[in-house]
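Inspection log for the structure reproduced underneath, given as structure tokens.
Numbering of residues begins at 1 and proceeds along the displayed sequence. Scope of the values below: all heavy atoms of this structure, side chains included, with no hydrogens, waters or symmetry mates.
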Amino acid sequence: MSAPPLPPKYVMLNETNGLRPPPLRRNPPRYPSYQDRSSSGNCCLKCICFCYCCLFFLIIAVSIAGYVIYATFKIDIPKYRIEEFKVEAFNVLPDLSLNTEINVIVRAENPSDLISLQYEKGSSVTMNYIDKTICSGKVSEFYQGYKSIKRINIPLQGKTEFSSGFQESLAEDKKQGKIPLLIVVKAPIIVELGRIPLKEVVINVNISMIVDSLEKDKKIGIISSSYKYGLL
């Protein structure tokens, strides 16, 4: 009895013998490697560091430019002096209130060589006697060029409760010919280099003065005065 034939080493695959080739293998999805993710993170970190460096150098450049402008152009605080003090009304009304009308002429000097000043809205001027405001007004808007002097007319008006203590103190000061007054000026000003606005500041001036009288139609003498300046 003969042995069964060995199977062939190679088989032709076709539709007739019922054998089909295995399906084509698909490559599995390839996930990004750790090296790729690390490279992307380093790129973002470099961009952030670059932005922070640019911002840092920009702040330094602006600070240096501001210092150079301040040092070169010498931004000086304007100087003020009261040149004239005229009483238009200072009398007691029927309702026992004190009516006060005073015109003050102030000499404003801008000592800077290149900085000009633009006086804006929102200023206030008050005149006080023994901690009471007796009249008030404001500084009109105007432009003052560099190295110049302006004379400002400031009308002040007001009514004050004429109490017995106020009356006695005023009568005593009138008798001695020394009436202490405090004038407070607050004025918003735009500082300009030529006609280029740099910044807005508020000039604060406290004027302590002693006058010899507050009578209407009489030339008022200023016995003494002192000025304190500041920026707000």
Looking at [X] and [Y], what are the two nearest heavy atoms and their distance?
X      : Y      : value
Leu156 : Cys135 : CB-SG, 3.7 Å
Pro111 : Pro78  : CD-CA, 4.2 Å
Lys174 : Ile179 : CG-CD1, 3.9 Å
Leu214 : Phe90  : O-CB, 3.4 Å
Asp95  : Ser97  : OD1-OG, 2.6 Å
Glu192 : Gln118 : OE2-CB, 3.8 Å

Is it the case that the side chain of [X] and the backbone of [Y] share a donor-acceptor pair, with hydrogens and angles ignored and the cut-off at 3.5 Å?
X      : Y      : answer
Asp212 : Gly221 : yes
Asn110 : Gly145 : yes
Thr160 : Thr133 : yes
Asn99  : Ala89  : no
Ser123 : Val139 : yes
Glu172 : Gln176 : no

From [atom1] ([X]) to [atom2] ([Y]), nearest 0.5 Å:
X      : Y      : atom1 : atom2 : value
Glu168 : Ser163 : CD    : OG    : 9.0 Å
Ile207 : Ser225 : CD1   : OG    : 8.0 Å
Met127 : Thr100 : CE    : OG1   : 9.0 Å
Lys228 : Ser226 : NZ    : OG    : 6.5 Å
Ser169 : Lys132 : OG    : NZ    : 10.5 Å
Asn204 : Ser124 : CG    : OG    : 8.5 Å

Do the non-hydrogen side-chain atoms of [X] and [Y] ever get within less than 4.5 Å of each other?
X      : Y      : result
Ile222 : Ile210 : no
Phe85  : Leu181 : yes
Ile183 : Met209 : yes
Ile105 : Ile152 : no
Pro180 : Ser208 : no
Lys138 : Val125 : no
Leu114 : Leu193 : yes
Val104 : Ile82  : yes

Membership question, hydrophobic clusters at under 4.5 Å side-chain separation (ILVMFWY): are [Y] and [X] in the same one?
X      : Y      : answer
Ile149 : Ile203 : no
Leu182 : Ile154 : no
Leu117 : Tyr143 : no
Ile220 : Ile223 : no
Val202 : Val184 : no

query: Pick one: which of Arg81, Glu84, Glu83 meets side-chain contact (heavy atoms from CB on, under 4.5 Å) with Arg151?
result: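 Considering Arg81, Glu84, Glu83, a side-chain contact (heavy atoms from CB on, under 4.5 Å) with Arg151 is found only for Glu83.
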task: Identify whether the distance between the nearest side-chain nitrogen and carboxylate oxygen of Lys216 and Glu88 falls below 4.0 Å.
output: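 Glu88 and Lys216: not salt-bridged.
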query: Do NZ/NE/NH1/NH2 and the carboxylate oxygens of Arg107 and Glu109 come within less than 4.0 Å?
result: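 Here Arg107 pairs with Glu109 in a salt bridge, since their nearest N and O are under 4.0 Å apart.
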Looking at [X], I'd like to know if its [atom1] atom is crowded, meaning that more than 12 non-hydrogen atoms belonging to other residues, nucleotides or ligands lie closer than 6.0 Å.
X      : atom1 : answer
Lys79  : NZ    : yes
Lys178 : NZ    : no
Ile196 : CD1   : no

Show every ring-ring contact (aromatic ring centres under 6.0 Å, His included) that has at least one partner inside [range], sequence neighbours left out.
range            : result
residues 202-232 : none
residues 159-200 : Tyr129-Phe166, Phe162-Phe166
residues 195-226 : none

- prompt: Parallel, tilted or perpendicular: which describes the rings of Tyr80 and Tyr119, with under 30° parallel and over 60° perpendicular?
  reply: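 Perpendicular.
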message: Evaluate Ile189 against Glu200 for side-chain contact (heavy atoms from CB on, under 4.5 Å), listing each step before the verdict.
response: CA-CA 6 Å; Ile189 297 175; Glu200 181 173 341; over 6 Å; no
